[in-house]
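The structure appears right after this line, and notes come after that.
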Amino acid sequence: MQEISKTYDPNGVEDKWYKVWEEKGCFKPVARDKTKPPYVILMPPPNVTGKLHMGHALDHTVQDILIRFKRMQGHETLWIPGQDHAGIATQAKVEQKIFAEQGKSKHDLGRDKFLEEVWAWKEEYGGHILNQFKKLGDSCDWDYFTFTMDDGPSAAVKRFFVDLFNEGLIYQSDYIINWDPVLQSAISDAEVEHKEAQGKFYHIHYRVKDSNQVLEIATTRPETLFGDTAVAVNPNDDRFEHLIGKSAIIPLSGREVPIIADPHVDMEVGTGCLKVTPGHDFNDYEIGKRCELPIINILNKDGTLNDNAPQVEGLSTKEARKKTVQLLEEANQLVKVEDHTHQVGHSQRSGAVVEPMVSKQWFINTDEMAKRSVSDVETEAMKFVPKGWENTYFSYQKNPRPWCISRQLWWGHQIPVFTCNSCDHQFASEEETPVCVKCNHKEVTQDPDVLDTWFSSGLFPLSTLGWPNPEKMKEKGFDRFYPSNVLVTGFDIIFFWVARMMMMGVKVTDKVPFNDTYIHAIVRDKDGKKMSKSLGNVIDPLELIKETGCDAMRFTLAVSSGYNRNINLDPAKIEGYRNFVNKIWNAFRFISPYLENATDEAIDVADLHHHEKWILSELNDVVKSVTEKFDDYRFDEACSTIYQFVYEKYCSWFIELSKGVLNSNNESLKAQRANVLRYCFRQIVKLLHPVTPFITEELWQFLKREDEDLIVIQEYPKFNTEHVFNSDVQNMEKFIEIVTSIRNLKNTVNISPKEEIEVRLFTDDEGLAKYFYQSRGFLKELAKVKAGKIKDKSIERPAKSVMKATTHTEIFLPLDGVIDINVFVEKLKRDKEKTEKEFQKVDKKLKNPKFMENAPDDIVEKVRAEASEFEEKLKSIENSLENFQ
RNA sequence: GGGCGUUUAGCUCAGCUGGGAGAGCGCUACCCUUACAAGGUAGAUGUCGGCGGUUCGAUCCCGUCAACGCCCACCA
């Protein structure tokens, strides 16, 4: 056997195994256990502009754990990777590039040429993030890889659009939308971020026509007065009642507008008078609709003022605001200016201040789909984990608004709506160059706009499996793999993506697209701050992998993932788990020389040593628990269960206890011990594989039998009913307690741990006495004692000795050679005090008749047992103290 | 303004249906003991945010207050 290095070096190992797995087709859907249903996950497709960050690392670790776990359990598993064209983000990036390199705008190039550039860019850079995913160990089936602009998804987009268009659920309408003046496109409500801004409240005088009266109106956007088409007051406001029905004159423009009453107006806010600008304010638009007010658009597409605002035409809104205020002041119609903080909508994509604008756009009426998407969650056809997140989902889906799906961009799925050049008929078609369905005219013009990116990603669960092409669906196994089992993602796209997939998936198939949605935490820095370039606190997963290995990173992320919302990632923590990975490596280094002849995994339960029974029993519990925890998405508990077992049970006790056996001359005992060590280690490595795939595959090569293949496709450990040994576990717990107590005693009185001293055990439990007697050799070895004398409690106790009392047992170290008695006496006194307190606490319960009356029997019994234990312990301590008086 | 979440050891967090407070890291002491110093052994540390209630019994349930965080809605 080759030399094994002292520390585990992940470099080289990781890439090597990933390549082997991929080449051998380990990630392909294969059912090794035909009785089990397939297990499918759809990967949230990263943006084509994306770069791997810790969020991906977490998201993918979770998905890969589930996929590897289910694969090992024998399920036919499929993890589908994909990529999103990310309309706005990508277009912006390429626009910047072309401008930097060629000094040209997209308009200079024209639509076709520009799109060629985008495709070229996608080919060059689009794959970067996917290669980075391989570094994470993602065991997805790359043959299923789908890009949202591929032919498949494009066909899905067209089919869905045309069907809904023909049902009348997709319609074109003038409506007030959020306009991004930088991107010069509509954006959806959800793409608007509200940020607090320092603004001003401008109080302006509006004259009332044919009267000396003026109305004082407060606004934060005085430049919009050019778009005013009414002044509104509350119908119950006595102050202005007499003015309703009259006209007001807009300052600067001189236009006359009606003074109307509308309940939206809050009498308490501002002056109680509202200027109504239906073209550029969401609420005003609603008022405008109710009162049939005209709409005046005062903005150009780039956000500058148009000729409806002649005095400020061509200026940006910011400049126009300044100029308007100046003009009002000159006209003596500006009353006062106040400071005012308010929320201003910004475009999530460009950062520009969003301008509400009325514009002709395409919408989907989602009312019915949203209702169904709510009931599907209420009936748990789709379950959120943790459950609390369904509130976020409901908050959107219970108040659906029309989804604006058109974007004034070039990069994306062009809207499949055509207008006949001859008869003006408008129709939707899946064909690229349809003829007019009404008059058969060959020349038709396609709507130039493209669809919202989420339109195609919302269809991804369908399109990645071939829908709507029947042949492709068969080829990709649509019937077997739809719906998928779980969607793993962050909370930020519950509405953007989860809700859309739910609506679209159910609309097409009448089935939810996935059964669970596991919402994982957000990765932050160790102080809980968001990782950002400007704060300089970003941890780059690729660098982290290079420094500490992928397995350590994955373990850290997994052990931090349960039902929590945040993960505060501390480098010290990662280092700790790196050490754990190394610990496993070294455990193997120790056992490996003994394994050469331990080729057989069969273990005859009847012949087992009690230590072997103990470790097998503990391992069995771990297997059971870990399996359950993975199924519950409790990666934190699953991982720490394995961690505790490997560290505390297997390494600290079982390996330590085995050293003597392995160095002895008893060949049959040695062989059996090697078998058990090997068996357990094989189980450990399998248990860990979903979390730490690389090191486990590397170690597996030394552990596998000749007829066994890679660990990726080995069977996951299962609970073994033959490996339940409760009494051996209880005895071992006692043994550990005694050894620890002896070490503790030595430590307390400053006896070197190495120094072998005499020890006497007293117990009133016959079974324990027997067990200790059998274990005296191990006691000697692990506690470093000379002789272990075991006696009945009733007889002879050493007069002068240090003592520690545990349940049913007293341990004495005779005093000869002991250095510091006072320290020990102090400790005894502290023990006494503590034990007294504990005793009083339970004793009080027992003396409380109400407790005795109301508490369930098993609790009372437990408390009674505790009380007698404390009492016994107390007596021992007091006895011992007396010896020193 | 509406909603949600958090508050437990120095730090980061676990604690399932109420029944004697836990882990990791850090810290202290002693150890280079032949798998591992990325190690070993032992140890210390908590009015479980405040107040009130329900209960025989509350970290857990209810009410209330406080601090922090997030989301949504209002650009008058």
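The chains referred to below are lettered A, B, ... by the order of the sequence lines, with proteins before strands, and numbering in each begins at 1.
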Notebook entry, point to check: For the atom pair OG (A:Ser5) and CZ (A:Arg589), what is the distance rounded to the nearest 0.5 Å?
Noted result: 7.5 Å
Item checked: Ring-face cation of A:Arg634 near A:Tyr563 (centre distance under 6.0 Å, axis angle within 45°) -> yes
Note to self: Just N and O in the side chain of A:Arg743: are any of them under 4.0 Å from OP1 or OP2 of B:A42?
What the structure shows: yes
Checklist line | For B:C70, the Watson-Crick or wobble partner whose two distances fall under 3.5 Å | finding: B:G3
Check: Which part of the nucleic acid, if any, lies within reach of A:Tyr643 when heavy atoms closer than 4.0 Å are counted: base, sugar-phosphate only, or nothing?
Finding: sugar-phosphate
Check: Rounded to whole angstrom units, what separation is found between the CH2 atom of A:Trp389 and the C1' atom of B:C4?
Finding: 8 Å
Notebook entry, point to check: Taking a pair as Watson-Crick or G-U wobble with both distances under 3.5 Å, which nucleotide is matched to B:A38?
Noted result: none
Note to self: Is the terminal nitrogen or CZ of A:Lys583 (NZ for Lys, CZ for Arg) located under 6.0 angstrom from the six-membered ring centre of A:Phe588 and within 45° of that ring's axis?
What the structure shows: no
Margin query: So, under a plain 3.5 Å distance rule, would you say the side chain of A:Lys583 forms a donor-acceptor pair with the base of B:C36?
Written below: yes
Check: Within the structure shown, what part of the strands sits under 4.0 Å from A:Glu853 by heavy-atom distance: base, sugar-phosphate, or nothing?
Finding: nothing
Next item on the list: Could you check which nucleotide pairs with B:G43 in any of the strands shown, counting Watson-Crick or G-U wobble with both distances under 3.5 Å?
Entry: B:C27
Margin query: Quick check on B:G69: is either OP1 or OP2 less than 4.0 Å from any side-chain nitrogen or oxygen of A:Asn566?
Written below: no
Note to self: Once rounded to the nearest 0.5 Å, what's the spacing between atom CZ of A:Phe645 and atom OG of A:Ser625?
What the structure shows: 12.0 Å
Next item on the list: Considering just the side-chain nitrogens and oxygens of A:Ser592, establish if one lies under 4.0 Å of OP1 or OP2 belonging to B:A35.
Entry: no
Item checked: Nearest-0.5 Å distance, CZ of residue A:Phe681 to CG of residue A:Leu699 -> 5.0 Å
Next item on the list: Examine the base of B:A38 for any acceptor or donor lying under 3.5 Å from a partner atom in the side chain of A:Arg578, and report the outcome as yes or no.
Entry: yes
Next item on the list: Check whether the side chain of A:Glu656 and the base of B:A35 form a donor-acceptor pair under 3.5 Å.
Entry: yes
Item checked: Paired nucleotide for B:G57 [Watson-Crick or G-U wobble; both distances under 3.5 Å] -> none
Margin query: Under 4.0 Å from OP1 or OP2 of B:U41: is there any side-chain N or O of A:Ser652 that close?
Written below: yes
